[in-house]
2 protein chains.
Amino acid sequence: MNDIQPPYIKIQDAHCAHDKRVSCGNCRLNTICLPISLHLDDIDRLNNIVQRGKPLQKGEYLYRAKDTFDSVYAIRSGAVKAVSISETGNEQVTGFYLPGEVVGLDGLASDIYTNSVIALETSSVCEIPFNRLEELSLQIPTLQRHFFQLMSREITQEQQIITLLGKSSAEARIASLLLSISARNGRRNLSTNNFILPMSRTDIGNFLGLTIETVSRIFTRLQKNKVIAVDKKEIVITDMDSLQVIAKGTD
Amino acid sequence: MNDIQPPYIKIQDAHCAHDKRVSCGNCRLNTICLPISLHLDDIDRLNNIVQRGKPLQKGEYLYRAKDTFDSVYAIRSGAVKAVSISETGNEQVTGFYLPGEVVGLDGLASDIYTNSVIALETSSVCEIPFNRLEELSLQIPTLQRHFFQLMSREITQEQQIITLLGKSSAEARIASLLLSISARNGRRNLSTNNFILPMSRTDIGNFLGLTIETVSRIFTRLQKNKVIAVDKKEIVITDMDSLQVIAKGTD
DNA sequence: CGCTGAATTGACTACCCTCAACATGAGTGG
DNA sequence: CCACTCATGTTGAGGGTAGTCAATTCAGCG
């Protein structure tokens, strides 16, 4: 129970989450964003190329679509969303990224980012210049392997989102999103039943292909059915089993 | 006009598309699936690790979800679909892959494939053993770079699918799929207006999150509106501009 | 020739979107 | 302290799009 935060204490308020002086070697998140298998010396070499800037404030851009690509970023605290803007100007949220997760992998393909990344709350990130990472990957085979795996994981996760959007029910989509956030909190040793949503209803709706009204209605319905308790952005999962059944769909 | 096939002649029936003796150096598709920037010697080294087996028949599996990962595959002729199966047994088509495109990148993340890949018609593939590719990438920096880019392209394409599924209209989804296939045919110097759909209506519906009936209705509606002409699997785009407007959505 | 699977078309229904009104809370300035 | 605005979220009523169920057509094939 030592580092599980009650949900009303924001994660990023924990004492050292924004501390620039954290190194990869002693970062709490290194089992998530780093290869566990890296040799200690190699972790140091990676740590040396990582740049840690000042935290982003809510609403600030980490980078914008069409910016020239030069770095990937590991989220260290807070939360961000990735947004792609279609030719018609419509925004589409393509993903939410929590601490330990990496954004910017979309930029490699054509040397410019295809998404914009925006902070949902005060967030700090580790910038990893890609050409440095690329050089290092040639020298450290396990780092190359790890980076391949990181990108592959992004691919499989996006395929899960495609599967999610393919299935019809709005209730199932919301349930899946809640379970996803719950599981990702679990990986960071935070409560899986009890957390603060970092994103707005609008962002949730945009991400899941639903309107804000539908999102709101589903939340109240799930609450009526005693599956979750909602208080603004605070979520308590009161019936995990039911939520999983709903996420899988009733067909 | 020399290698553009009329649409009623199936692509894979072209004289040498299934020929095992094609090498990476003289393959028509190498500008798509290979780094154009590779040195000739390096292309040879890559060619030496590529394995070309006998063609897959329609319905045959290239690999199955949960098989151990050891190779990625470039499609040389024909077409395949990637399918992920959820815990409830529901199938979800996560993508269609045409000649020059690469499948299997989902397998790196956890050493097993997360999708199954199934031939939609007679198809031949180039198998690229991943550990050999990995070694070679350490020796040829531009190959490492290319492979990173290949994975990044997969990520951005899947984000486009997420955007597609996020927007509401069924008509827009179908229009986008047609335009996608059209553009990919264009890259291979095939007709962009005039092609055979390799997949069934069921697959299209599954991929786009629509029922087969809706897919059918949209096709007939687009035909009534003189945007396309449909004859079973043969598509003729008669009004490309309108199709693009529909794909972007009328909002 | 009948069988099977794929596709089309129609009638009806349900879910979600649209439009609208209202509630809540944060921030600002009087 | 209150009034005001603005952004965000909730709730309600009604309509439209796509799903469901069902019948029919069509092509391929033993």
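To find a chain, count down the sequence lines: A is the first, B the second, and so on, and within it residues start at 1. What you see below is based on every heavy atom in this structure, not just the backbone, and it leaves out hydrogens, waters and symmetry mates.
For the pair Arg221(B) CZ and dA18(D) P, the interatomic distance rounds to 7 Å; values are reported in whole Å. Asp231(A) has its CG atom 13 Å from the P atom of dG9(D), to the nearest Å. Residue Phe219(A) contributes atom CZ, which lies 13 Å from atom P of dT11(D) at whole-angstrom precision. The CD1-P distance, from Ile218(B) to dT9(C), rounds to 13 Å in whole Å. To the nearest angstrom, C1' of dG19(D) lies 19 Å from CZ of Arg201(B). Look at CG on Leu210(B): it is 18 Å from P on dC15(C), rounded to the nearest Å. Note: CD (Glu171(B)) to P (dG19(D)) measures 13 Å, nearest angstrom. Nucleotide dT8(D) holds its P atom 15 Å from the CE atom of Met199(A), rounded to whole Å.
The side chain of Thr202(A) places an N or O atom within less than 4.0 Å of a non-bridging phosphate oxygen (OP1 or OP2) of dG9(D). Contact annotation: Thr211(B) side-chain N/O to dA18(D) OP1/OP2 distance is not under 4.0 Å. Listed pair Ser216(B) / dA7(C) fails the phosphate criterion, with no side-chain N or O lying under 4.0 Å from OP1 or OP2.
Residue Lys232(A) has its side chain nearest to dG25(C) when only dG25(C), dC16(C), dA27(D) are considered. Among the nucleotides dA7(C), dA18(D), dC16(C), the one closest to any side-chain atom of Ile212(B) is dA7(C).
Contact annotation: side chain of Arg217(B) to base of dG10(C), donor-acceptor pair present below 3.5 Å.
Counting any heavy atom pair closer than 4.0 Å across all strands shown, Gly205(B) reaches no nucleic acid atom.
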Under the side-chain contact (heavy atoms from CB on, under 4.5 Å) rule, what do Arg153(B) and Glu101(B) come out as? Steps first, then yes or no, please.
CA-CA 11 Å; Arg153(B) 210 174 306 146; Glu101(B) 299 172 351; over 6 Å; no
Let me see the working for Ser200(B) and Asp203(B) under side-chain contact (heavy atoms from CB on, under 4.5 Å), right down to the final yes or no.
CA-CA 5 Å; Ser200(B) 68; Asp203(B) 287 332; 3.3 Å; yes
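Using bins of under 30°, 30° to 60° and over 60° for the plane-to-plane angle, the ring pair Phe69(B)/Tyr113(B) lands in the perpendicular bin.
Of the two residues contacting DNA chain C, namely Thr220(B) and Glu213(A), the nearest-nucleotide position lying further toward the 5' end is that of Thr220(B).
Checking side-chain atoms of Ser77(A) against main-chain N and O of Ser124(A) turns up a donor-acceptor pair under 3.5 Å.
If you check the side chains of Ser84(A) and Gln159(B), you find no donor sitting under 3.5 Å from an acceptor.
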